[in-house]
2 protein chains.
Amino acid sequence: MVYGNMGDDCGTGVAFTRDCSTGEHMLNGDVLTNAQGEDVVSGARTPEPIQKMKRGKLGKIYRELDRLATKLEKHFKDVQDVEFTFEHSQLYMLQTRRAQRTGMAAVRSAVEMVAEGLITEDEAVQRVPAKGLPASPGAATGEVVFDADEAETLKQKGHDVILVRPETSPEDYHGIVAARAILTARGGMTSHAAVVARGMGKTCVVGAKELDVDPSAGRFRVNGRAVKRGQVITVDGTTGRVILGAAKLVTPKAGKEFDRLMSWADAKRRMRVRANADIPADARRAREFGAEGIGLCRTEHMFFEGDRITLMREMIVATDEAGRRKALAKLLPIQRRDFEGIFEVMDGLPVTIRLLDPPLHEFLPHTREEIAALAKHAKVPAAQLEKLIESLREANPMLGHRGCRLGITYPEITEMQAQAIFEAAGHVAGKGKKVTVEIMVPLVADVRELVNQTQLIRKVAQDVFHREGRAVPYLIGTMIELPRAAVTADEIAKEAEFFSFGTNDLTQTTFGLSRDDAGRFLPFYVEHGLLPEDPFQVLDQGGVGKLIEMAVKLGRNTRRDLKIGICGEHGGEPGSVKFCHRAGMNYVSCSPFRVPIARLAAAQAALEEAGVVSRTRATV
Amino acid sequence: MVYGNMGDDCGTGVAFTRDCSTGEHMLNGDVLTNAQGEDVVSGARTPEPIQKMKRGKLGKIYRELDRLATKLEKHFKDVQDVEFTFEHSQLYMLQTRRAQRTGMAAVRSAVEMVAEGLITEDEAVQRVPAKGLPASPGAATGEVVFDADEAETLKQKGHDVILVRPETSPEDYHGIVAARAILTARGGMTSHAAVVARGMGKTCVVGAKELDVDPSAGRFRVNGRAVKRGQVITVDGTTGRVILGAAKLVTPKAGKEFDRLMSWADAKRRMRVRANADIPADARRAREFGAEGIGLCRTEHMFFEGDRITLMREMIVATDEAGRRKALAKLLPIQRRDFEGIFEVMDGLPVTIRLLDPPLHEFLPHTREEIAALAKHAKVPAAQLEKLIESLREANPMLGHRGCRLGITYPEITEMQAQAIFEAAGHVAGKGKKVTVEIMVPLVADVRELVNQTQLIRKVAQDVFHREGRAVPYLIGTMIELPRAAVTADEIAKEAEFFSFGTNDLTQTTFGLSRDDAGRFLPFYVEHGLLPEDPFQVLDQGGVGKLIEMAVKLGRNTRRDLKIGICGEHGGEPGSVKFCHRAGMNYVSCSPFRVPIARLAAAQAALEEAGVVSRTRATV
């Protein structure tokens, strides 16, 4: 079979031995901005299909080309990209090389070649580039809205909407739920908009700096154009492009070749693959993508929706422990219900729940109106509330009063969360389901912090188990996300029953680099070779990786069977996944959409370790 | 000689074998607040002086007590704190122990005991607790003012003033210069107010949260009291106390015993002791305290005074490189003059100059009026300027666009600074003085950043040396202040000619702990045993120290004679100084006031290493 292009009747051409066309998003239209600085060549040339040669006077040349190309493919055991020329019915082969192709095309050809006996299953798994697999919620088209309430109203009327905001705040949560996509001018990949949207499978472009968003005027400006409320745009979460009008979207199809390749991969890999999922719907999607557990359930995202944010704020503005406990008591049943939902979906697969992590300031209102509303609700003077909000403001919130520092200074928060977890686990276990609970303490710098929190949690567990008359097994572990935790991992492993590397924060602290602020110089760095890659995308093996290797070694020195995983976004990046395998981790956890990538990369890492290298690669 | 107290004619008493009275600040008065949470027992009891026993019917008991106390002191070779009782002319010795005493009293008694042949010089050096030495600008009394201009005016009229501000900004610089002390409600120990004031030897209390400062009303409130403009207060920079009225201040005297002990210490220590100093006046003070060089000259502090801040702002608001170069050209002669002054004062001793470090946002105006003034000066619309200032705002400035990231993205800044340094060095060398220049690149995470900056600097050096017809020797090195720099120190040492550990930032990033925000939980941590000490005061040897040891080892693996020092505030903390000695550093650098502490601690570390332990300690 020969596919390809050619020049004219008597000229040169290019032939592919198999179909290498893409099955992925094809976007066209008027590009407004490209937030991540990438651009995709549209590849709009429409060559003469080579099949036309079959008939007529070129039929003989076509058959000769087909024969030679097939021979070349068999010899090199891979799809070939062949250049040829012909003159006076004489065919000349000019060059042959491994064909460039998209991930899904590579899957298809690899599985076909196994069926044809050309390569082995291991070789097929090795050959498909994991990063070629589709990895994000992709693109979405809809009407521009600037307000969360309006997004909700229009959604109810059946419109597809795209929520455009200068930056998002907790108040926008219901708008994010309603929208097909989120577009913001400020904020980074770790902002709530981004994390929440990704978790829900929404398309999301954040920090598109060229955008000048003016919600009160009902328009945003970009590169000399104005886009008004109600206009249709298309947003591509993969490339960060924003396109005026409805671009054509193509949904990539996985198909049975993909399933077959994945089953070969699953049989080969040593590491487990889990997903990061915060709510039952995410957990369900994670399982669809093949996740074998939840590696990170971020409990704070449960507190942004609807009434919850109000209760959370009640807790924060309370002036004493009694006031906090009162508000927490109202949050308890809500949190418990979320956990029940997740445990039911996961049905015995392990679920790692991280205790409250972000600084409390993130939950508070920002605008004067919102502050006034909260003051009225909480029955405190607005001026006093403003002062409280101001006092919670931090110079460097990433390095501030967050993570286990919250649970230590406000033990009632940890107690409520532990109670919700154990009660939920007990209820689901009571229905005859299996529950595997792992409680994860965030931002530990010193083992004493972990000891403090495990004592609290174990006490709550005892109380709940006693009261409910049913115990469930559970583990308590910690994030390794600070350099100090990595270098004192031997101490921490005395208390921790598992480690999970939070490589987002570990990268931030190891480099002294705020992900939300890096946009002003990190692209420059990558462009000028000061860093080979964005370390938030691809794990920095030479620096962050050294700390990880050290922590694995120290941790297992103390506790030989220590379960170790990763739950940063690197858990879904192929090169980083392979690093995790080599470092001896038990699992990686990543966004649901990246689970297939991680499964394939983990298998490739196992095969590389075993020395199985594609024969084709070895001979060429 | 017996000093002490006693109860009554027939009772118990306490005797000290030598004078243990303090020679340090005695503060009394109405304490308004205690910002650092410490409290000092005022020790106001006024006992009957024991000398009174000499005469009269107790004379015999006194002589017996004197004989026994002297015997005890000789036996234990240290000042004794003896409890005794007497009854019917019969003396009973109840207890003897090493006397608690202040640092300066310990110096005096140790030097006396060497003179008396009781102990050796080494033992004297070992015995005086380094942390007992006076270490800060101490306390100051003056009239409250709320405005930098007013501080300046009153100072000119001969008043002592204390500048009280909600927080300081670059505009307050001339007020800080004019004031005896600075008191702020917000900000941390690394805020400019604190760093600038400490460098100038001003008393400084920052972040006194109880203070509600209202400059427009001309008063501050604290704990239910109001203090108005013009009222006199006393501020103690050592304890953080703010006292209403003029408290009695006692200046500690060093005296010749102190000089003698220091000369013994200097003969024993292996490490050099340098000081952190930013302007010629600081450099002069540093030398008075015995500094053997400048370990950290923070060039940014040069840009806050008078017109300089305006020029700096011109540079920042320039929209292109040409505009930045124009403003930098005006800063160049000012910067050069500062460096000339420092080189002249240091006269051949090494001077380590750190290139611009803080985020540019720190130099920009904050209030509407200041923004309007700058807009007028820079001839840009105020709205545009506001937008620029907003765009430079960072979520986590500590982890943002600062350090060498500035010099890499705006090479013209590094070029100007290097030119100023080399021209200044050449001019001073031209006057026949020796100049030892060390240029330090801050916030390096990867060796490629350092390569980028050294290439720039060496190019400027060549140009200047060629133009001026005179070359000066210089070194280029880097701060090790990020965990990534520590774990890749072998790579970095390929380019760096010296390392200086910036342990303030290294502690922040290793712990993931913002110094300016830690106040909300760090005191709780120390109080509840979650951390043994504030890691910003006492170097965390188990965590940060591990990274330092690793970096020293890796760095010297690459470059055997690598010069290594420390320039964080830990360089003046005795336990941390000893750690630096053990880690193999060549020098420590600290604030001028802490230089004597560092000299003594460095000597003690050397003696400990040599196994010389005070005999008294060994026997007791």
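Each chain gets a letter, A, B and so on, in the order the sequences are listed, and its residues count up from 1. Every value quoted in this text rests on a predicted model; they were computed, and no experiment measured them.
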In terms of heavy-atom proximity below 4.5 Å to chain A, should Glu390(B) be classed as side chain, backbone, both, or neither? both
Relative to chain A, which segment of Arg402(B) carries a heavy atom at a distance below 4.5 Å: side chain, backbone, both, or neither? neither
Shorter than 4.5 Å, heavy atoms on both sides: which option in Leu482(A), Leu513(A), Val544(A) has the most such pairs with chain B? Leu513(A)
Measuring heavy-atom distances to chain A, does Phe511(B) have an atom under 4.5 Å in its side chain, in its backbone, in both, or in neither? both
Closest non-hydrogen contact found for Glu495(A) with Thr454(A) is OE2-OG1, 2.5 Å
Most heavy-atom pairs under 4.5 angstrom with chain B, which of Val447(A), Val451(A), Ile408(A), Leu406(A)? Ile408(A)
What part of Leu547(B) lies closer than 4.5 angstrom to a heavy atom of chain A: side chain, backbone, both or neither? side chain
Between chain A and each of Pro397(B), Gly529(B), Gly400(B), Ala486(B), count heavy-atom pairs under 4.5 Å; write down the option with the most. Pro397(B)
Structural part of Ala395(B) lying under 4.5 Å from a heavy atom of chain A: both
Could you tell me which portion of Pro535(B) (side chain, backbone, both or neither) has an atom closer than 4.5 angstrom to a non-hydrogen atom of chain A? neither
Which one of Asp540(A), Asp505(A), Leu443(A), Leu531(A) has the most heavy-atom pairs closer than 4.5 Å to chain B? Asp540(A)
Any idea which of Gly543(A), Gly542(A), Ala445(A), Gly512(A) has the most non-hydrogen atom pairs under 4.5 angstrom with chain B? Gly512(A)
For Leu522(B), which atoms come within 4.5 Å of any heavy atom of chain A: side chain, backbone, both, or neither? neither
